[in-house]
Amino acid sequence: MKQRVSALLREKFGREVVLEKPKDRSFGHFATPIAFSLAKELRQSPMKIAEELASSFDNHEIFTSVESVKGYLNFRLSENFLSEYAGWALDNQDEFGKQEKSEKILLEFVSANPTGPLHIGHARGAVYGDTLYRLAKHLGYDITAEYYVNDAGNQIDLLGLSIALYARENIFKEDVEYPESYYRGEYLEGLAKGAIQKFGKEIFNDESRYKELALWAKDGVMEIVVESLANLNIHFDTFVNESSLYNDWDRVMDKMDANDKNAIYKKDDKIWIASEAKGDDNDRVVVREDGRPTYLAGDIVYHNQKFEHGYDHYINIWGADHHGYIPRVNAAVEYLGYDSNKLETLLSQMVSLLKDGEPYKMSKRAGNVILMSDIVDEIGPDALRYIFASKKSDTALEFDLSEFKKQDSSNPIFYIQYAHARIKTIISKSDLSEDEIMSASLKNLDENADSLMFDALLLPEIIDDAFASRQVQKLPDYLKALAASLHKFYYDCRIIGTEDEAKLLKLFMLVGLSLRTGLSLMGITAKDYMTKEED
RNA sequence: GCGCUCGUAGCUCAGCUGGAUAGAGCACUGGUUUGCGGUACCAGCGGUCACAUGUUCGAAUCAUGUCGGGCGCACCA
């Protein structure tokens with residue numbers, strides 16, 4: 001809708017036109033301050049220019065009126081245009097808001113180490129990534145969701161050690177001495193018991209076998225991770241194991257060297273990448289004195305593999321504490337001969353939780369972290385997804401769990417669901433059949449109904465904008481506002497038994513379509529009725 | 001110290017490709033249809049958009065600086 005108007009104006013004026021939604025709907029559906037920018041070039045007052053422009057739109061098929069007010073140009077869409085568009089949307093519900101973008105995108109997110117269950121910070125990146133993924137799919141992008149499994153390095157050794165320590169202390173009741181860092185948490189119990197069955201209990205007393213133990217256990221951890229993500233309706237297309245990459249390292253080094261003979265050099269018996277020349281603060285070690293590649297080496301191979309698969313665009317979602325890492329990866333990408341502008345790294349910031357105004361306590365049982373699955377148990381997957389999708393991902397966030405447990409309008413996810421349920425309920429309450437409703441005309445609506453219809457039809461451009469700007473929160477913001485419009489309309493206007501019953505119900509179906517489509521893009525299933533929870 | 005980032009109502013946050021009186025929820029105060037789920041709706045209260053300077057017809061939005069908070073600054077991952 002907006003694209004249509006915007007394209008039309010671009011053609012008419014021969015330039016990009018800033019199109020905005022007026023704060024007050026009485027000004028019209030869209031507005032532009034173009035006259036202000038033209039004023040300087042034309043050396044005329046903005047008011048005069050706006051008036052002239054407005055009158056040039058006489059008898060236009062899309063607009064019923066184009067008015068100039070204080071230098072703004074306000075457009076009101078014709079009811080023909082709006083009602084036809086609404087009718088099309090209802091006839092083609094699966095197509096509503098879809099586009100046919102053709103880019104191939106690789107989206108990497110979560111990528112938490114396979115050493116323990118996901119915590120609340122991971123959940124944010126997971127929800128953010130999955131929402132982007134759903135938006136992109138809807139827009140027609142060929143997008144792949146990928147999880148990078150860091151199944152190599154120290155943390156894997158630590159996993160083996162941690163399981164052994166857990167088993168020796170808690171199962172065999174030995175006195176054990178804990179090192180400075182190790183993993184803790186309830187999940188170790190299942191792994192320890194599984195390991196006894198698989199290997200026998202001797203393995204816990206043989207340090208040389210801890211690696212073997214860890215390599216087996218990481219798959220079990222990944223199962224826990226994948227399952228907890230599935231509970232949030234999040235799924236991945238591909239998993240890439242870090243451990244599988246290192247045998248490609250020599251080839252990748254040669255590739256960088258071939259592209260730029262200064263890319264890789266030896267110093268102090270170590271191999272370095274000259275990342276400083278590409279904007280990093282320092283050069284970085286990629287192979288240690290003893291020949292073991294660093295983590296960065298793995299990531300270089302991984303990104304080389306990504307680019308060799310030939311996507312048009314790459315998106316990484318990382319925890320904000322990794323932001324200092326961006327320049328060195330970009331440097332490597334360039335040394336590999338690829339355009340680092342195609343690699344976009346988005347950050348997901350920290351989360352702190354409150355419950356009834358007090359800081360949420362980390363549980364000892366979980367290992368002094370807040371487990372994602374505990375929060376899901378507490379407020380449900382829908383509320384969790386809503387919270388993380390509704391806040392800008394790259395700024396720190398604090399939220400209170402209790403707000404999302406309430407069963408009333410103060411809880412946004414409840415509020416939106418209730419709007420959808422209201423629509424379903426009233427339609428089932430009406431004596432009219434679906435055919436009768438669908439054949440009604442959406443013309444001659446009063447101002448409030450027209451406004452509601454317009455709001456419902458905005459969904460496609462919200463989707464487009466939310467993905468293009470990577471600002472996923474625009475979608476929940478919109479849904480909340482649409483739900484508010486619906487509730488208000490419902491309150492103000494009687495529907496059943498009036499002569500406009502059919503057309504108003506059709507309007508409601510349209511609103512329901514937008515709500516349902518929007519929710520599904522957030523990985524949330526719309527409810528047809530609300531049940532009151534007793535606790 | 002350097003880099004990134006944030007600073008908007010008592011609280012949690014939107015708004016930031018510069019544009020018409022600065023928005024929402026919570027909290028607080030008061031109200032609502034002899035009707036479709038009051039699990040809703042309305043109104044009031046509350047802001048020098050951290051501060052300063054600059055650019056502009058116009059700045060919460062852009063630039064520079066100051067102050068304050070967070071994060072990062074490994075051959076860990």
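Letters A, B, ... are given to chains in the order of the sequence lines, protein chains preceding strands, and every chain is numbered from 1. Owing to the predicted nature of the structure, the values given are computational and were not obtained by experimental measurement.
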Looking only at side chains, do A:Thr498 and A:Asp500 share a donor and an acceptor under 3.5 Å apart? no
Atom-pair distance (CG on A:Leu505; P on B:rC36), nearest Å: 15 Å
Would you say the side-chain atoms of A:Asn74 pair up with the backbone N or O of A:Glu67, donor to acceptor, closer than 3.5 Å? no
Considering just the side-chain nitrogens and oxygens of A:Ser409, establish if one lies under 4.0 Å of OP1 or OP2 belonging to B:rA40. yes
Which is more 5' along RNA chain B, the nucleotide nearest A:Ala320 or the one nearest A:Trp272? Just name the residue. A:Ala320
To the side chain of A:Gln155, which of B:rA20, B:rC36, B:rA77 is closest? B:rA77
If we take the C1' atom in both B:rA40 and B:rG25, what is their distance in whole Å? 16 Å
Taking the P atom in each of B:rA43 and B:rC6, what is the distance between them to the nearest angstrom? 33 Å
Without decimals, in angstroms, what is the distance between A:Tyr478 OH and B:rC13 C1'? 21 Å
Looking for any heavy atom pair under 4.0 Å, which part of the strands does A:Asp408 touch: base, sugar-phosphate only, or nothing? sugar-phosphate
What integer distance in Å separates A:His119:NE2 from B:rA77:C1'? 12 Å
For B:rA59, which nucleotide in any strand shown is its Watson-Crick or wobble partner with both distances under 3.5 Å? none
Report which part of the nucleic acid A:Arg422 touches: base, sugar-phosphate, or nothing (heavy-atom distance under 4.0 Å, all strands). sugar-phosphate
Does B:rC4 pair with anything, Watson-Crick or G-U wobble, both distances under 3.5 Å, and if so, with which nucleotide? B:rG70
Counting only side-chain heavy atoms from C-beta out, which of B:rA40, B:rA20, B:rC76 sits nearest to A:Val69? B:rA20
Among B:rA40, B:rA77, B:rA24, which is the nearest nucleotide to the side chain of A:Tyr295? B:rA77
Sidechain-backbone polar pair: A:Gln417 side chain, A:Lys527 backbone, donor-acceptor under 3.5 Å: yes
From the list A:Ile273, A:Asp283, A:Ile271, side chain to side chain contact (heavy atoms under 4.5 Å, CB included) partner of A:Tyr265 resolves to A:Asp283
For RNA chain B, determine which residues of residues 382-392 of chain A have any heavy atom closer than 4.0 angstrom to one of its atoms, and list them numerically. A:Lys391, A:Lys392
Considering every strand and a 4.0 Å limit on heavy-atom distances, what is the contact class for A:Ala31: base, sugar-phosphate, or nothing? base
A:Gln3 and A:Ser6 side chains, donor-acceptor separation under 3.5 Å: no
Base, sugar-phosphate alone, or nothing: which one does A:Thr395 contact when heavy atoms must sit under 4.0 Å apart? sugar-phosphate
May I ask you to verify whether the side chain of A:Asp492 and the base of B:rA40 hold a donor-acceptor pair under 3.5 Å? no
Do A:Leu38 and A:Arg15 have side chains that get closer than 4.5 Å, going by heavy atoms? yes
Nearest to side-chain heavy atoms of A:Arg328, which nucleotide of B:rA77, B:rC13, B:rC41: B:rA77
Heavy atoms under 4.0 Å, any strand shown: does A:Tyr415 hit a base, just sugar-phosphate, or nothing? sugar-phosphate
No-H, no-angle donor-acceptor pair, A:His322 side chain to B:rG72 base, under 3.5 Å: no
What does A:Leu397 touch in the nucleic acid at a heavy-atom separation under 4.0 angstrom: a base, only the sugar-phosphate, or nothing? sugar-phosphate
For A:Gln349, answer base if it contacts any base atom (sugar-phosphate contacts may also be present), sugar-phosphate if it contacts only those atoms, and nothing otherwise; contact means non-hydrogen atoms under 4.0 Å. nothing
Give one of base, sugar-phosphate or nothing for A:His487, where a contact means two heavy atoms less than 4.0 Å apart. sugar-phosphate
B:rU17 pairs with which nucleotide, Watson-Crick or G-U wobble, both distances below 3.5 Å? none
Searching all strands shown, indicate the nucleotide that pairs with B:rA52 (Watson-Crick or G-U wobble; both distances under 3.5 Å). B:rU64
How far apart are the C-alpha atoms of A:His313 and A:Asn341, what are their side-chain angles, what is the distance that settles it, and do they pass the side-chain hydrogen bond (donor to acceptor under 3.5 Å, both in side chains) test? CA-CA 9 Å; A:His313 195 76; A:Asn341 291 318; over 6 Å; no
Checking base pairs now: Watson-Crick or wobble, both atom distances under 3.5 Å. What partners B:rC41? B:rG31
Output yes when a side-chain donor or acceptor of A:Ser340 lies under 3.5 Å from a complementary backbone atom of A:Asn330, and no otherwise. no
Categorize A:Asp465 for me: base, sugar-phosphate, or nothing, with a 4.0 angstrom heavy-atom threshold over every strand shown. nothing
P-based separation of B:rA63 from B:rU56 [nearest Å]: 16 Å
Stacking of A:Tyr490 on B:rA40 base (centres under 5.5 Å, planes under 30°): no
